[in-house]
Amino acid sequence: MDTKFLKIMSRNIGQKMTRAMEEIYDLAGGVFNINSPKQLGLILFEKLGLPPVKKTKTGYSTDVTVLEKLKNQHPLPEKILEFRMLTKLRSTYVDAMPALINPKTLRVHGSFNQTVAATGRLSSSNPNFQNIPIRTEMGREIRKAFCAQEKDHFILAADYSQVELRIMAHLSEDPNLVAAFKQDADIHTHTAAMVFNLKQEDITSDMRRTAKVINFGIMYGAGAHRISQELNISHGDAGAIIKAYFERYTGVKDYIEKTITECKELGYASTLYGRKRPIQDINSENRNLQEAAKRAAINMPVQGTAADIIKIAMIRMHDWMKKENLKSKMILQVHDELVFEVHPDELELLKKQVPAIMELAGKLIVPLKVDVGVGKDWYEAH
DNA sequence: CGATCACGC
DNA sequence: GCGTGATCG
């Protein structure tokens, strides 16, 4: 860990927080606890009279989707979002990491839990290395603190490209999806072309974004309800897009139906390698419970098989590194990614062998693809 | 300690 | 869909 970097970052975020806080109190016309959704709800929806978009069990929702929708009506919601991002980054990551450094090793040693996630994934705790920010630039900066212990050593990150969709292609044997991966097409652009019945070169970035939501949604068993929320479109439009998808990817449709039927008969869903997850609620009388169980049943073979494959890769990686007496270390797993601390003499070897071992860990009817990055820290390695 | 929110894949 | 953690009340 680069603790000097984290210290500076903490100070910088603190300054931004103070500025945001002052602006928030100004816009709200008074002091309140910004971290309290309850107090914030009163300010937004009663004092300022903004329209409450969504409710929670206990009152007004103030989550990111709500505040995004209120952005164009009042300047406060955007400032709240900024403040929330800053506090999240500082309290969960920037200030938490240094406290977890082991004084003997000067490293942070988290736990990878093998018997927590129902699908067979690992989970990570104290700290959770599997949710270090990457999506926003400010968050991503935190990864600069995750660096090699010794000078001249490197961080190497290797991640499976679209592994879950490739597994869906294998399990469903859908000709369209299989062909896309055999051509190594941009899968979201490919799906957009299918759904909107256009040539790939005519796909706009907005259509691609829609297709990306659909691709992920399919693997989560999402229906028109969730898709409409994610894309901020009507329930009817979302339904039409899903219908178009299943008309083009009939193999995926059949596979999903088969998975649910089989789960109803057996009481479990399983991965390609036979790992089982009991899903009792699949035959529940309660509609909500049964629908949730269906989504879990659809997702288990995909998410669980990806977990099986990366675990096979990790075992083979360890055996190989031991046999070759390597000084480099496999240090993190992030569901579809492995991270290594690399001795400079071994860099070229690992750059070649790590993706090779990962790509061979699963035998699918479509190729597995692994992208590799190298740098002095986790930020540069991506 | 449940609820809410936000970070990741 | 699957997780962990900070914070509030």
Side-chain angles (χ1 to χ4, degrees), chain A residues 32-42 54-68 80-97 99-100 110-136 138-140 142-143 146 157 159-165 167-168 212-213 215-223 226-227 230 256 259 269 271 275 277 279 281 291-307 309-310 332-339 378 382:
Chain A
F32 67 105
N33 186 346
I34 309 167
N35 291 321
S36 165
K38 195 174 166 205
Q39 292 183 38
L40 177 62
L42 291 178
K54 198 166 79 172
K55 287 198 294 189
T56 66
K57 247 183 256 178
T58 53
Y60 306 117
S61 172
T62 68
D63 72 17
V64 59
T65 64
V66 171
L67 297 182
E68 290 283 350
I80 298 291
L81 286 173
E82 183 193 341
F83 185 83
R84 284 230 179 110
M85 178 183 72
L86 295 169
T87 51
K88 173 74 177 178
L89 295 181
R90 195 156 89 141
S91 62
T92 308
Y93 306 103
V94 178
D95 288 351
M97 283 312 148
L100 292 166
S111 300
F112 283 94
N113 315 301
Q114 296 228 59
T115 55
V116 171
T119 53
R121 272 190 176 179
L122 301 183
S123 78
S124 167
S125 53
N126 302 301
N128 183 354
F129 284 119
Q130 294 177 324
N131 74 345
I132 306 300
I134 193 163
R135 286 171 202 196
T136 68
M138 198 187 300
R140 197 176 187 138
I142 292 171
R143 291 176 173 239
F146 294 78
D159 64 286
Y160 284 110
S161 164
Q162 305 295 353
V163 64
E164 293 194 353
L165 276 172
I167 289 163
M168 179 60 97
K212 188 174 176 179
V213 170
N215 276 333
F216 280 101
I218 295 297
M219 290 184 299
Y220 298 161
R226 169 135 187 204
I227 299 291
E230 296 249 341
I256 286 172
T259 303
T271 69
R275 183 198 299 275
R277 172 181 180 179
I279 301 179
D281 288 344
E291 289 302 316
K294 283 183 189 172
R295 293 192 289 273
I298 293 165
N299 186 243
M300 166 65 183
V302 176
Q303 189 180 117
T305 300
I309 289 173
I310 198 167
L332 297 178
Q333 189 252 46
V334 192
H335 309 304
D336 64 355
E337 171 186 11
L338 296 177
V339 182
W378 203 5
H382 258 281

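Because only heavy atoms are used, hydrogens play no part in the values below, and waters and symmetry mates are left out as well, while side chains stay in. The sequence lines fix the lettering, A, B, ..., with proteins before strands; numbering per chain opens at 1.
When heavy atoms are screened at a 4.0 angstrom cut-off, A:Glu337 is found touching no nucleic acid atom at all. Across all strands, A:Thr87 comes closer than 4.0 Å to no nucleic acid atom at all (heavy-atom distances). A:Arg90 comes within 4.0 angstrom of no nucleic acid atom, judged by non-hydrogen atoms across all strands. In this structure, A:Val302 reaches neither bases nor backbone, as no heavy-atom distance under 4.0 Å exists between it and the strands shown. Within 4.0 Å (heavy atoms only), A:Leu122 reaches no atom of the nucleic acid at all. At a threshold of 4.0 angstrom between heavy atoms, the contacts of A:Ala306 with the nucleic acid are absent.
The shortest non-hydrogen separation linking A:Ala269 to A:Ala297 is CB-O, 3.9 Å.
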Please lay out, stage by stage, how A:Asp63 and A:Thr65 fare under the test side-chain hydrogen bond (donor to acceptor under 3.5 Å, both in side chains). CA-CA 6 Å; A:Asp63 72 17; A:Thr65 64; 2.7 Å; yes
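Nearest to the side-chain atoms of A:Thr56 among the listed nucleotides C:dG1, C:dC2, B:dT4 stands B:dT4. Listed nucleotides C:dT7, B:dC5, C:dC2 differ in distance to A:Ala118; the shortest reach to its side chain belongs to C:dC2. Residue A:Asp336 places its side chain closer to B:dC9 than to any other of B:dC9, C:dG1, B:dC5. Side-chain atoms of A:Ala296 lie closest to C:dG1 of the nucleotides C:dG1, C:dG5, B:dT4. For A:Ser36, counting side-chain heavy atoms from C-beta on, the closest listed nucleotide (B:dG8, C:dG9, B:dA6) is C:dG9. Closest to the side chain of A:Pro133, out of B:dT4, C:dG3, B:dC7, is B:dC7. Ranking C:dG1, C:dT4, C:dA6 by closeness to the A:Arg226 side chain, first place goes to C:dG1.
The nearest whole Å value for the distance from the NE2 atom in A:His335 to the C1' atom in C:dG1 is 12 Å. A:Met138 places its CE atom 15 Å from the C1' atom of B:dC7, with the value rounded to the nearest Å. Separating the CZ atom of A:Phe129 from the C1' atom of B:dC9 is a distance of 17 Å, rounded to the nearest angstrom. Across the protein-nucleic acid pair, A:Trp378 atom CH2 and B:dG8 atom C1' stand 9 Å apart, rounded to whole Å. Whole-Å rounding puts the A:Met85 CE to C:dT7 P distance at 17 Å. When the P atom of C:dT7 is taken as reference, atom CZ of A:Phe83 falls 11 Å away, rounded to whole Å. Protein atom OH of A:Tyr93 is 8 Å distant from nucleotide atom C1' of C:dT4, rounded to whole Å. Here B:dA6 presents its C1' atom at 18 Å from CZ of A:Arg140, a figure rounded to the nearest Å.
Between A:Ser61 and B:dC5 there is a side-chain polar atom (N or O) within less than 4.0 angstrom of OP1 or OP2. Put simply, A:Asn128 has no side-chain N or O that comes within less than 4.0 Å of OP1 or OP2 on C:dA6. In this model, the phosphate group of C:dT4 is not approached by any side-chain N or O of A:Ser125 to a distance below 4.0 Å at OP1 or OP2. One finds no side-chain N or O of A:Lys88 lying less than 4.0 angstrom from the OP1 or OP2 phosphate oxygen of B:dC7. When the side-chain nitrogen and oxygen atoms of A:Thr92 are compared with OP1 and OP2 of B:dC7, none of them lie within a distance under 4.0 Å. The side chain of A:Asn33 places an N or O atom within less than 4.0 Å of a non-bridging phosphate oxygen (OP1 or OP2) of C:dC8. Considering only side-chain N and O atoms, A:Thr58 lies under 4.0 angstrom from the phosphate OP1 or OP2 of B:dT4. Under 4.0 angstrom from either OP1 or OP2 of C:dG3 there lies no side-chain N or O belonging to A:Arg121.
A donor N or O paired with an acceptor N or O is not found under 3.5 Å between the base of B:dC5 and the side-chain atoms of A:Arg84. Side chain A:Gln130 to base C:dG3: no donor-acceptor pair is found below 3.5 Å. In terms of polar N and O atoms assigned as donor or acceptor, the side chain of A:Arg135 never comes within less than 3.5 Å of the base of B:dC7 in a complementary pairing.
Using cut-offs of 30° and 60° for the angle between ring planes, the A:Trp378 and A:Phe146 rings count as perpendicular.
Enclosure of atom CD in A:Glu68 by more than 12 non-hydrogen atoms of other residues, nucleotides or ligands within 6.0 angstrom is indicated.
A donor-acceptor pair is defined here as one N or O able to donate and one able to accept, closer than 3.5 Å; no such pair exists between the side chain of A:Tyr60 and the backbone of A:Leu40.
Of the charged side-chain nitrogens involved, at least one lies within less than 4.0 Å of a carboxylate oxygen, so that A:Glu164 and A:Arg121 count as a salt-bridged pair.
Side-chain atoms of A:Ser125 and A:Asn113 include a donor-acceptor pair closer than 3.5 Å.
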